[in-house]
Amino acid sequence: MIKAVLTDIEGTTTPISFVKDVLFPYSYEKMEEFVKNNLQNPQVQKIIEDVKKEINKSDASLEEVIEILKSWIVEDKKITPLKELQGLIWEEGYKSGKLQGFVYPDAYNKLKEWFCSGIKIFIYSSGSVKAQKLLFSYTNYGDLNYLFSGYFDTNIGNKKDKQSYVKIAKEIGFNPSEILFLSDNSDEIIAAASAGYNVIRLVRPLDAEYIDNFPYKQVESFDEIEIGRL
Ligand SMILES: CSCCC(=O)C(=O)COP(=O)(O)O
Ligand SMILES: [Mg+2]
């Protein structure tokens, strides 16, 4: 019996285009100014040090660090210090009204239905926990954070790594067989399934295609998910 849902964001609750065409360009354009204006912020200082560690170059200049961060955005690298920094940059965008999170209507309706029936809902995204909370604070349906019992990002591990799902199950206190994981990414689906989760792959028509002979269920919308039937 499913008692908890763990869901991805990009390509699952939210269109890929919102992340790639709105959030990423915003962080790219603001990166240099934000880092230079926030050099006294201990979080930014730690992020800069983490980037230097990641590239194995302890004497990298600030300019080099900024260029690396920007190149990671272009390459859609899911590297933790970049994701942490993007969360800080997007905060100003959401708070000023320049950014508004988007959640698909079917995802909103189904998440609300599950929440009302006592299913615990958790988020697992490569975006930082701060970025996740911001996106769901400022959506087309208002603040949706009341729906969620917890949030996970790459600090718990890579989304394509089975161990990340093992750790999340332990942390949220459910057996993997009681959890349904939702994502558009087939590698993430396979990793979660190998940890014993129930899984469904989202195939949003504008974002993805059905994979032939994929061994797990694939759906276009949350409307097609009936938890009681799994
Ligand atoms: C939390 S909003 C930003 C999403 C993001 O930065 C990202 O890389 C999306 O990855 P996901 O794991 O949600 O597919
Ligand atoms: Mg995704």
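Keep in mind that this is a model prediction, so the values were computed, not measured. Counting starts at 1 for both ligands and their atoms, following the listed order. Along the sequence shown, residues carry numbers from 1.
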Tabulation required: pairs of a nitrogen or oxygen in ligand 1 and a protein nitrogen or oxygen under 3.5 Å; columns are atom names and distance to 0.1 Å; otherwise 'none'.
| residue | atom | partner | partner atom | Å |
| --- | --- | --- | --- | --- |
| ligand 1 | 6 (O) | K83 | NZ | 2.8 |
| ligand 1 | 8 (O) | K78 | NZ | 2.8 |
| ligand 1 | 8 (O) | K83 | NZ | 2.9 |
| ligand 1 | 10 (O) | E10 | OE1 | 3.3 |
| ligand 1 | 12 (O) | D8 | OD1 | 3.2 |
| ligand 1 | 12 (O) | S126 | N | 2.8 |
| ligand 1 | 12 (O) | S126 | OG | 3.2 |
| ligand 1 | 12 (O) | K159 | NZ | 2.6 |
| ligand 1 | 13 (O) | D8 | OD1 | 3.0 |
| ligand 1 | 13 (O) | E10 | N | 3.0 |
| ligand 1 | 13 (O) | S125 | OG | 2.7 |
| ligand 1 | 14 (O) | D8 | OD1 | 2.9 |
| ligand 1 | 14 (O) | E10 | OE1 | 3.4 |

Report the residue from T13, I225, V199 that forms a side-chain contact (heavy atoms from CB on, under 4.5 Å) with L182. I225
Are the charged groups of K160 and E188 less than 4.0 angstrom apart, N to O? no
Could you name each residue pair satisfying ring-ring contact (aromatic ring centres under 6.0 Å, His included) that touches residues 82-101, not counting sequence neighbours? Y94-Y138
Verify whether one side chain among T12 and S183 offers a donor that lies under 3.5 Å from an acceptor in the other. no
Of the N, O or S atoms in D8, the one nearest the Mg ion (ligand 2): OD2
Parallel, tilted or perpendicular: which describes the rings of Y165 and Y197, with under 30° parallel and over 60° perpendicular? perpendicular
Using the ring pair (Phe, Tyr, Trp, His ring centres under 6.0 Å) criterion, which residues pair with Y146? Sequence neighbours excluded. F115
Atom pairs and distances, side-chain donor-acceptor, residues 40-49, under 3.5 Å, sequence neighbours left out:
| residue | atom | partner | partner atom | Å |
| --- | --- | --- | --- | --- |
| N41 | OD1 | Q43 | N | 2.8 |
| Q45 | NE2 | L39 | O | 2.9 |
| K46 | NZ | D50 | OD2 | 2.7 |

Angle, OD1 of D184 through the Mg ion (ligand 2) to O of E10 - 10° precision: 80°
